[in-house]
K.L.:
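Here's a structure for you.
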Amino acid sequence: MKRESQLSRQRKRAAWLFLTPMLAVLAAVALWPLLKTIYFGFTDASLDDLAGARWIGFRNFLEYVDYGDGTGEYYGLLADPTWWNAVRNTLFFTVVSVVFETILGMIVALVLNANFRGRGFMRAAILIPWAIPTIVSAKMWAWMMHDQFGILNDIGLSLGLISTPIAWTASADTAMAAVIIVDIWKTTPFMALLILAGLQMIPGDIYEAARIDGVNPIKVFWRVTLPLVRPALMVAVIFRGLDSMRIFDLIYVLTPNNAQTTSMSVYARQNLFEFDKFAYGSAASTLLFLTIAIITILYIWAGRVSFDGGR
Amino acid sequence: MKLRNALLAFTAGFALTAGQAAAADLAIVSGAVGDDLQTLRYQLDEFEKASGNKVSIVSMPPSTSDQFGQYKLWLAAENPDIDVYRTDVIWAPQLANQFVDLTEATKDVIGDHFPAIVESQTVNGKLVAMPYFTDAPALYYRTDLLEKYGKDVPTTWAELTATAQEIMDAEHGAGNTGLYGFVFQGSAYEGLTCDALEWVMSNGGGQIVEPDGSISINNPKAAEAIEMAKGWVGTIAPEGVLAYKEEDSRGVWQTGNAVFMRNWPYAYSLGNSADSAVKDKFDVSTLPVGPSGSRPASTLGGWNLAVSKYSAHPDEAIELVKFLASKDMQKYLALQSSRLPTIQSLYEDPDIMEKQPIIPRWKEVFLNAVPRPSAPTQKKYNEVSTEFWTAVHATLSGDGSAADNLKKLEAKLKRLKGSAW
């Protein structure tokens, strides 16, 4: 008895010993900045004078200012239409881009899962958009979508699809569409790769059985492939969803300062560094963190996603 | 960064042994349009020869708003890697605490510069930055096209609109379908604030926030001016103008695809460069007047050099700033890139008068230029400017009328102002 518990104690000690360096690093690079940001959200900090920050409670989030003559107004993030516009933009962007990326990623993964010559080459080639740094691909697309020198307008004009050049990133109607198009182009390969990994886990004999029974391929997809790939798909969707909710670089390069595409991260950065409102920007970052956390928890709970492979 | 600098300094010190062991490694950060970085590099090479110090350039994205955000972050982090910052004329009040006071070090030369520019860089008696060059925009027009259609240089925005439309239609009929009437800076950034302030001010609509701090933007004349600009988008100006910064408009202009352009003087020497399609086919004039206005307005621009409080080599950095702002270097910049000097005597310099005739002509323009409301709004200027350009950009892109957007803007600015700026 005693020996066994000593062994298990020893093992626990060893486990903690091995874990400590990583926990320390995580605390230093993730937890500490997070707590600091949340703290600044409750102060009146300015970027010029971070040390002089004073605690002001929830005033950055919501505050009723009484003008003393019976009238008054709500101030703070929760009463700021620009913030809510950013929330709307972010959610719209997330839903639309993730839906398209999932469908296209699934199609690409099904193709890549089939046996054909040059499959290895295709798998590598399809990853190229994902491998290019976002800043580079955003700038590249910005030039391709340029209304005067852009190749997209050139192709459209010479094929007769459009009669005048479209100002993709400038026009209010197309700015969000432009951002979504580039994001889909960039991250579909990522989705395809994750789904492909899931597809390859499905045992081949199930398909063989279905073939012998003469089930048509569409039914095979809905009844066999989809249910079996679902756990991998759910994880892929949540990865993409979280990633696109904090979308920043693409929008910042492609359509900077454009009210139609301002995301929560862009809004937070603007307040943090461009305006003299460091505390307000911190509060926005905190809300962004909360929003993402809540949506993730809901998603895991509602979708019963399991991260340990299979349910 | 620190480590790399330390290594560099170590290696440099090792290589040079005795001789110039005291030489400092400086870094200057600068945004750029046109050939700014090439000319700056030339000037730094001269400085390196004269002083024995090494200077490297840290380059920045073209949007002044992006530059400001990055600088603010670096300064808040007390970054010692950057010694000298090239700063916009509007930044002095917002960054004053983070820069070295240059009053004492520059008292021998500061009297040569225009007092108004020095004044704009002085905050509570502290000289925050040394003037490097000044800026006031011009209306660029194609002499060949105006001549071909027998048109005069427009003095009102209405004339400009009519002339641009007429020439554009005629040229399109003749097969030159890539030609546009007018290009300006319509992207949602600080540049749009400059452009829109000119439309509003030249129409008698005030300057957003008046010098006394009162918010004046919500008035019919301002709305009329912005509606007028909205009428250009998609007619005489390409719809993409809503994403154009300085260099985008210059791209359209310099390839010969615009009749008129609003831009800063740097485009003058570039337009006359050997590979330019409009070489010797254009001239400049003052910006036009609005329908309800009486005189044209140009937004005051210009760039200055400031020394970071966190620099490891403040003395060498100040020396560098004084060198770059010196008469010889300003003259070089004027000749090379048609940048307007801040030293008064250079406007009578025979070389400049001969090679860059725009410069002596531009003295009056920038002396009467309208400052953006950075002085009255102080640290809140960026937010004021952002709200203003957002309202204008929304109007130009068809999201609400100018009157409605300006009414909302006024409410936002009032909230922002609170009891005082």
Side-chain angles (χ1 to χ4, degrees), chain A residues 45-51 65 67 73-76 79-82 85 135 139 142-143 145-150 153-154 157 163-175 178 252-262 266-267 269-278 280-281, chain B residues 61 63 65-66 68-73 75-77 94-98 177-178 180 183 186-190 192 233-234 238-245 248 251-252 255 257-258 378-387 389-391 393-394 396-399 408 411-412 414-416 418:
Chain A
S46 141
L47 204 47
D48 297 343
D49 183 23
L50 288 179
V65 176
Y67 293 149
E73 232 181 318
Y74 277 106
Y75 279 74
D80 184 347
T82 323
N85 175 47
I135 297 292
K139 199 72 215 168
W143 280 111
M145 290 173 164
H146 195 282
D147 68 315
Q148 295 298 309
F149 319 121
N153 281 319
D154 197 51
L157 282 173
S163 54
T164 48
I166 298 175
W168 289 96
T169 57
S171 155
D173 313 323
T174 53
Y252 186 69
V253 175
L254 205 59
T255 56
N257 302 320
N258 201 329
Q260 280 83 29
T261 58
T262 305
V266 171
Y267 175 90
R269 192 207 79 100
Q270 193 173 40
N271 279 286
L272 281 166
F273 305 128
E274 268 176 46
F275 301 162
D276 190 39
K277 288 168 112 179
F278 189 76
Y280 199 71
Chain B
S63 160
S65 313
D66 290 349
F68 181 83
Q70 182 64 64
Y71 296 172
K72 212 165 162 201
L73 194 56
L75 290 167
Q94 301 180 73
L95 297 175
N97 293 337
Q98 320 270 17
T177 51
Y180 283 97
V183 286
S187 180
Y189 79 122
E190 186 62 31
L192 180 57
V233 179
E239 212 190 319
V241 79
L242 296 177
Y244 283 8
K245 302 193 179 80
D248 303 287
V252 176
T255 46
N257 289 326
Q378 300 184 31
K379 285 196 165 187
K380 289 177 184 164
Y381 171 73
N382 270 357
E383 237 183 314
V384 172
S385 180
T386 304
E387 295 295 359
W389 86 50
T390 305
H393 196 265
L396 296 187
S397 51
D399 184 9
K408 280 186 214 154
K412 281 186 178 165
K414 272 190 181 151
R415 261 176 96 116
L416 184 60

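Order of the sequence lines sets the chain letters (A, B, ...), proteins ahead of strands, with each chain counted from 1.
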K.L.:
Can you tell me which of Phe68(B), Tyr189(B), Tyr244(B) forms the most heavy-atom pairs within a distance under 4.5 Å of chain A?
P.N.:
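Of the options given, most contacts go to Tyr244(B).
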K.L.:
What residues form a salt bridge (charged side-chain N to carboxylate O under 4.0 Å, His left out) with Lys408(B), not counting sequence neighbours?
P.N.:
none
K.L.:
Between the main-chain N or O of Leu242(B) and the side-chain N or O of His393(B), is there a donor-acceptor pair closer than 3.5 Å?
P.N.:
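The answer is yes, because a donor-acceptor pair under 3.5 Å joins these two groups.
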K.L.:
Between Asp80(A) and Thr82(A), does any side-chain donor sit less than 3.5 Å from a side-chain acceptor?
P.N.:
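Present: a donor and an acceptor within the cut-off.
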K.L.:
Report which part of Tyr75(A) has an atom under 4.5 Å of a heavy atom belonging to chain B: side chain, backbone, both, or neither.
P.N.:
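Answer is both: backbone and side chain atoms of Tyr75(A) are under 4.5 Å from chain B.
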K.L.:
Please flag which part of Lys380(B) lies under 4.5 Å from any non-hydrogen atom of chain A: side chain, backbone, both or neither.
P.N.:
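Contact with chain A involves no heavy atom of Lys380(B) at all.
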K.L.:
Spell out, as yes or no, whether a donor-acceptor pair under 3.5 Å connects the side chain of Asn271(A) to the backbone of Tyr267(A).
P.N.:
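Checked: pair present.
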K.L.:
Quick one: what part of Glu239(B) sits under 4.5 Å from any heavy atom of chain A, side chain, backbone, both or neither?
P.N.:
both
K.L.:
For chain A, which of Gly240(B), Gly186(B), Ala243(B) has the most heavy-atom pairs under 4.5 Å?
P.N.:
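Maximum pair count with chain A is reached by Gly240(B).
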K.L.:
Listed by chain and number, what are the salt bridge (charged side-chain N to carboxylate O under 4.0 Å, His left out) partners of Glu274(A), not counting sequence neighbours?
P.N.:
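Glu274(A): salt bridge (charged side-chain N to carboxylate O under 4.0 Å, His left out) contacts with Arg269(A).
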K.L.:
What I want to check is whether the side chains of Asp66(B) and Tyr252(A) have a donor and an acceptor closer together than 3.5 Å.
P.N.:
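Yes, because at least one side-chain N or O of Asp66(B) sits under 3.5 Å from a partner of the opposite role on Tyr252(A).
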K.L.:
Which bit of Asp147(A) is near chain B, if near means a heavy-atom gap under 4.5 Å: side chain, backbone, both or neither?
P.N.:
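Only the side chain of Asp147(A) comes within 4.5 Å of chain B.
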K.L.:
Between Tyr381(B) and chain A, which part of the residue has a heavy atom less than 4.5 Å away: side chain, backbone, both or neither?
P.N.:
neither
